[in-house]
**Q** 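Shown below is the structure under consideration.
Start at 1 and go down the list; that is how both ligands and their atoms are numbered.
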Amino acid sequence: MYKVEMSCSTMVFVVVTLMVSCVMAASAAPCNFNKEIDINWGGNEHVKIFNGGKLLTLSLDNSSGAAFQTKNDYLFARVDMQLKLVPGNSAGTVATYYLSSLGAAHDEIDFEFLGNLSGQPYTVHTNVYSQGKGNREQQFRMWFDPTLAFHTYSVIWNSQRIIFMVDNIPIRVFENNEAIGVPFPNSQRMKVYASLWDADNWATEGGRIKTDWTQAPFIASYKNLKINASSPANSTNNTISNQAWQTQQLDSMGRKKLRWVQSKCMIYNYCTDFQRFPQGLPPECLASS
Ligand SMILES: *[C@@H]1O[C@H](CO)[C@@H](O)[C@H](O)[C@H]1NC(C)=O
Ligand SMILES: *[C@@H]1O[C@H](CO)[C@@H](O)[C@H](O)[C@H]1NC(C)=O
Ligand SMILES: *[C@@H]1O[C@H](CO)[C@@H](O)[C@H](O)[C@H]1NC(C)=O
Ligand SMILES: *[C@@H]1O[C@H](CO)[C@@H](O)[C@H](O)[C@H]1NC(C)=O
Ligand SMILES: *[C@@H]1O[C@H](CO)[C@@H](O)[C@H](O)[C@H]1NC(C)=O
């Protein structure tokens with residue numbers, strides 16, 4: 001089913017075919033946005049909750065962006081959330097969905113969605129920070145238009161690796177390489193965050209294309225936030241064990257899908273950016289996974 005000549009945008013065929021044999025992982029109940037998150041930017045005017053807590057929208061206009069965070073924090077989790085990104089001319093805007101422990105030596109796992117002019121593709125940007133150090137960007141095009149419908153973006157964060165998935169297709173794996181001296185996020189609890197803001201000084205074509213405020217408000221939608229975590233917030237009790245995600249790794253089909261996405265849909269990889277790292281690539285780039 002893998003035809004080498006297929007491009008990222010024709011991946012839909014592959015996905016449909018693979019899904020038939022792909023068991024969807026069971027997941028926790030969706031969070032109620034009325035109860036389980038705090039609005040931390042933009043207030044009720046820019047963060048709106050609908051359908052009894054099932055759907056949330058962030059809006060950006062010339063007065064403010066918008067953001068929310070979960071009340072609880074987690075040490076290892078599988079987080080799934082469905083996003084529908086800003087439609088039409090979203091140039092200059094950035095929607096995010098990330099896990100972070102905050103602070104100077106923070107750990108962070110990022111999805112960022114860089115807007116674009118109408119009809120031009122979004123960039124899906126990923127990064128991993130450990131102990132305050134990031135610089136581990138990989139960027140992708142999606143094989144669908146992420147503004148037309150909700151799609152599921154997942155972070156599987158266990159003690160061995162971090163897996164980024166889109167509609168259950170792995171797009172990136174960051175392995176625990178502590179053995180070769182690469183710090184791994186495995187001691188700081190993280191909350192789940194999402195935001196929508198104006199980044200027209202860099203987001204679209206390096207800042208050349210500015211936010212068109214006549215198109216405001218810009219709106220991104222979030223639903224079905226599901227968090228499967230090891231233990232309740234601030235508990236060290238790890239009795240909820242043996243959940244699939246806690247040891248999840250890619251099987252041979254998962255590795256095939258990852259290779260496909262990385263060869264067809266990846267538009268930037270820090271691990272091949274030799275100009276940026278003249279002293280040598282970061283060690284995790286050279287480790288086999
Ligand atoms: C998530 O948690 C639920 C309830 O504990 C469990 O049934 C399910 O298998 C978990 N999902 C994964 C992917 O581990
Ligand atoms: C912000 O947008 C509103 C509505 O379009 C407009 O009336 C107002 O003048 C704008 N303010 C600034 C500072 O641009
Ligand atoms: C916007 O679209 C142009 C043209 O396809 C592309 O070169 C650019 O990388 C896109 N920008 C972003 C932020 O994805
Ligand atoms: C968990 O931590 C939060 C703040 O980080 C605190 O408000 C809450 O009381 C703590 N809960 C328990 C059960 O210790
Ligand atoms: C851990 O949590 C479970 C379920 O809440 C409880 O039965 C158990 O006693 C706890 N264990 C410890 C060591 O606190």
**Q** So which heavy atom in the protein is nearest atom 8 (C) of ligand 2, and how far is it from that ligand atom?
**A** Asn62 ND2, 3.8 Å
**Q** Can you tell me which residue and heavy atom of the protein come closest to atom 14 (O) of ligand 3, and the distance to 0.1 Å?
**A** Thr123 OG1, 2.4 Å
**Q** Classify the ring geometry of Tyr98 against Tyr193: parallel below 30°, tilted from 30° to 60°, perpendicular beyond 60°.
**A** parallel
**Q** In terms of ring plane angle, is the pair Phe184 and Phe174 parallel, tilted or perpendicular, where the classes change at 30° and 60°?
**A** parallel
**Q** Output the list of atoms in ligand 3 that are nearer than 4.0 Å to some heavy atom of Gly115, sorted by atom number.
**A** 13 (C)
**Q** What are the atoms of ligand 3, with element, lying closer than 4.0 Å to any heavy atom of Tyr122?
**A** 14 (O)
**Q** Who gets closest to atom 9 (O) of ligand 3 by heavy atom: Glu205, Arg141, Gln120?
**A** Arg141
**Q** Using distance alone, with no hydrogens and no angle criterion, decide if Ser63 and Asp61 have a side-chain donor and acceptor under 3.5 Å apart.
**A** yes
**Q** Identify the protein heavy atom lying closest to atom 13 (C) of ligand 3, giving its residue, its atom name and the separation to 0.1 Å.
**A** Ala203 O, 3.4 Å
**Q** Counting non-hydrogen protein atoms only, what is the nearest one to atom 10 (C) of ligand 3? Give residue, atom name and distance.
**A** Asn116 ND2, 2.4 Å
**Q** Can you see whether Asn228 engages Gln243 through a side-chain donor-acceptor pair at a distance of less than 3.5 angstrom?
**A** yes
**Q** Quick check on ring pair (Phe, Tyr, Trp, His ring centres under 6.0 Å): which of Tyr97, Tyr222, Tyr153 does Phe113 satisfy it with?
**A** Tyr153
**Q** With a 4.5 Å limit on heavy-atom distance, are the side chains of Val47 and Phe33 in contact?
**A** no
**Q** Counting only nitrogen or oxygen atoms and a 3.5 angstrom limit, does Thr204 reach ligand 3?
**A** no
**Q** Do any nitrogen or oxygen atoms of Leu114 lie less than 3.5 angstrom from nitrogen or oxygen atoms of ligand 3?
**A** no
**Q** Could you tell me whether the side chains of Asp80 and Ser154 share a donor-acceptor contact shorter than 3.5 Å?
**A** yes
**Q** Less than 4.0 Å is my threshold; does some heavy atom of Ala91 fall inside it relative to ligand 3?
**A** no
**Q** Less than 4.0 Å from atom 5 (O) of ligand 2, is there any heavy atom belonging to the protein?
**A** no
**Q** Between the side chains of Thr147 and Tyr122, does any donor sit under 3.5 Å from an acceptor?
**A** no
